[in-house]
Protein chains: 2
Amino acid sequence: MVVDQLSRSPEKDVALDRLFQALADATRRDIVARVTAGEYSVSGLAALYTMSFAAVQKHVAVLERASLVTKEKRGREQIVRGNHDGLQKARHLLDHFEMIWRQRASRIADILAEDDERDLP
Amino acid sequence: MVVDQLSRSPEKDVALDRLFQALADATRRDIVARVTAGEYSVSGLAALYTMSFAAVQKHVAVLERASLVTKEKRGREQIVRGNHDGLQKARHLLDHFEMIWRQRASRIADILAEDDERDLP
DNA sequence: GTATCGTACAACCAAATGGTTGTAGATCAG
DNA sequence: CTGATCTACAACCATTTGGTTGTACGATAC
């Protein structure tokens, strides 16, 4: 029962938990797509969906905690915008996974190549 | 209350829900990292963590449903491997978001450029 | 054969999630 | 000032999640 996780820094882990958790809902992904392309107030977003205003408000709060969007007060409205950095963090981890995969794939290729060399005359 | 979501195809949505949901847990991300780099049996994975075997088994099941790993029976063991395609699907959506963002950013740049032209003598 | 190992799965539990309604505080329009 | 709008937040509810223990079953070792 080794406790070592491959990933160090539990703080980052929590940030990643929130990031992926936030993206694990179709409505929230829809919100991210919309506010990445333009600006919306919370009520402007709420008008787009059949669920209640409070529900949309909660979704925006989840996205904000995950650093995927930012809110800024403008008069009595709260303007929601996409946060580029949050998206990049998620991409970076997936890129990292893919890098590991490619390294493994090339290692396998190397082994096969060695076999080929052995088979050569 | 417009019902239209930006993203079409609810089936893909469910797949993405599962994908990001699966990645929203540090233990599961750790498992993905490990089985992407090499092969592990379920009990081999379970030995790495302090939680029970059944818990790890459930995590692997979540990853399998999300198409992030595959299981293959070998003797009495079940070998877990990383699934490259699953990772790419997640990356593609994030790439898409980033593309929208860049389009918006360049649109803003264009507008600013127009202003600059107006200001020029 | 018997014992052991690796797995699957059910039943259970506490906590989190995604939704609702209702209430209350700011801000704007008339 | 009054009324409408936008937001925040609490309380509640059903379902899911992440964990546990216990049982059962096929494959392996001796």
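The sequence lines fix the lettering, A, B, ..., with proteins before strands; numbering per chain opens at 1.
With C:dG19, C:dG22, C:dT27 as the candidates, the nucleotide lying closest to the side chain of A:A55 is C:dG19. Listed nucleotides C:dT17, D:dT7, C:dT7 differ in distance to A:Q57; the shortest reach to its side chain belongs to D:dT7. Listed nucleotides: D:dT20, C:dG19, C:dT27. Nearest to the side chain of A:M51: C:dG19.
Each of B:L68, B:T36, B:D25, B:L63 was scored for a side chain to side chain contact (heavy atoms under 4.5 Å, CB included) with B:I31, with one residue passing: B:L63.
The phosphate of C:dG18 (OP1 or OP2) has a side-chain N or O of A:R28 nearer than 4.0 angstrom. An OP1 or OP2 oxygen of D:dT17 is reached within less than 4.0 angstrom by no side-chain nitrogen or oxygen of B:H59. Close to C:dG6, at under 4.0 Å from its OP1 or OP2, lies no side-chain N or O of B:S41. Listed pair A:S43 / D:dT5 fails the phosphate criterion, with no side-chain N or O lying under 4.0 Å from OP1 or OP2.
Comparing A:A24 and B:K71 against DNA chain C, the residue whose closest nucleotide sits nearer the 5' end is B:K71. Annotation: of the two residues near DNA chain C, A:R76 and A:S52, the 5′-most nearest-nucleotide partner is A:S52. Between A:Q78 and A:K58, the residue whose closest nucleotide on DNA chain D is further toward the 5' end is A:Q78.
For B:L45 and C:dA8, the CG to P distance is 12 Å, given to the nearest whole Å. The distance from atom CD1 of B:I31 to atom C1' of D:dG18 is 12 Å, rounded to the nearest whole Å.
For B:Q78 (side chain) and B:V42 (main-chain N/O), no donor-acceptor pair under 3.5 Å exists by modelled atom type.
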